[in-house]
Amino acid sequence: MAKITIENAKPLVGGIVHVDKAHLCDDDVIAQIKAALEQRGVLVFPELHASDAEQLAFTDKMGPRVNFTRKVPGSDASTPDVYKITLDRNLNSEPDYVLGTFFWHIDGVTIDQPLPKATILSARHLSESGGATEFANLYAAYEHLSDAEKREYADLRVIHSVEAAVRPVHGHPSEERRERYRNLAAVMEQPLVWTHADGRKSLLLGTHADGIVGMPGPHGRAILTRLIQWAAQPDFVYRHDWKVGDMVIWDNEGLMHRVVPYTDQARVMHRTTIAGPNKPGHPASAEDQARIFEIA
Ligand code: OGA
Ligand code: MN
């Protein structure tokens, strides 16, 4: 029997990986997983039941691990580099950022360091209802735009902030909270269309996208909202209904993701992250940040 087989989940996104856990970190298996991740965007390992140690070993084989949420509670010292995604305050004392996962996002976009290349999540406990995770392929979303749209969007730059990412969580944040966001993350300017080293292009989108450089706020936000709706159409999206023990890895550079809302504090996912070599953006200028709060 082959050590690994991979089938498509949907024509434009997703793959299901069948692999013997004993061979998960073999060099030839890792090479096939890396190739499939590039082609399929998100890969599911059904009921793999990886321990933290096994998930970290796989993470390290896929690339250099990074913990970009070190400053956020939930990355506790007992399992360094494994971040708990849960609403259980005993495991994660500040679930604000976990509630932010209910909205389309890319991990680590508002941090002034290379964008995390891939995220790995494994399901430890599920919620009674909700809790499926959706992944939207932003390469496909770009590819299927019309030529006129591709020309219109080619050179646009977008302002991304934590404040925007958690606006649907908190509404208007207090000054104290805004101060915390400033210490935690940067307001970043990113290209709307990201041309990768291999020449492929993807849209860089999410709830953290708060305006377009040089445009009044509403104009930029309207374009971004329309593009998020475009990218979230069913053909570009793989939705994963979890079973305990499932492990999923996705290309964080080219997919955005969100979870179907849940209230159940029992849901616990363990997350590890692979550092990327690419930094498509840079901190936004004060002037460009201010412009997206003007209305004309
Ligand atoms: C994440 C995330 C979604 C989920 O771990 O970065 O967005 O399903 N998780 O919990
Ligand atoms: Mn996320």
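Both backbone and side-chain heavy atoms feed into the values below; hydrogens, waters and symmetry mates do not. Read the numbers this way: they start at 1 and go in the same order the structure lists the ligands and their atoms.
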Between Tyr139 and His196, does the ring centroid distance fall short of 6.0 Å?
yes

Please could you name the atoms of ligand 1 that Val259 approaches to less than 4.0 Å, counting only its heavy atoms?
4 (C), 8 (O)

Part of Arg267 within contact of ligand 1 (heavy atoms, under 4.0 Å):
side chain

Between Tyr181 and Tyr97, how do the two ring planes meet: parallel, tilted or perpendicular, split at 30° and 60°?
perpendicular

Restricting to N, O or S, what is the name of the atom of Asp107 that lies nearest the Mn ion (ligand 2)?
OD1

Atom CG of Asp241: over 12 foreign heavy atoms under 6.0 Å:
yes

Per-atom filter on ligand 1: closer than 4.0 angstrom to a heavy atom of Ile85 are 1 (C), 5 (O), 10 (O)

Please identify which atoms of ligand 1 are closer than 4.0 Å to at least one heavy atom of His257.
1 (C), 2 (C), 6 (O), 7 (O)

Do any nitrogen or oxygen atoms of Thr119 come within less than 3.5 Å of a nitrogen or oxygen of ligand 1?
no

Check whether any heavy atom of Arg258 sits under 4.0 Å from an atom of ligand 1.
no

Ring centre gap for Tyr262 and Phe102 strictly below 6.0 Å
yes

Is Arg271 in polar range of ligand 1, meaning some N or O pair under 3.5 Å apart?
yes

With a 6.0 Å cut-off on the ring centroids, do Trp230 and Phe236 count as close?
yes

Among the heavy atoms of Leu121, does any lie under 4.0 Å from an atom of ligand 1?
yes

So, the side chain of Thr225 versus the backbone of Arg221: is there a donor-acceptor pair under 3.5 Å, distance only?
yes

For Thr133 and ligand 1, does the shortest N/O to N/O distance drop below 3.5 Å?
yes

Electrostatic pair Glu163-Arg180, nearest N-O below 4.0 angstrom
no

Testing Val248, Asp251, Ile249 for side chain to side chain contact (heavy atoms under 4.5 Å, CB included) with Leu43, which one passes?
Ile249

Looking at Asp107, which atoms of ligand 1 are within less than 4.0 Å of one of its heavy atoms?
6 (O)

His105 atom (N/O/S) at minimal separation from the Mn ion (ligand 2)
NE2

Give a yes or no on whether a salt bridge exists between Asp26 and Lys61, defined as a side-chain N under 4.0 angstrom from a carboxylate O.
no

Considering distance alone, does some N or O of Thr101 sit under 3.5 Å from an N or O of ligand 1?
no

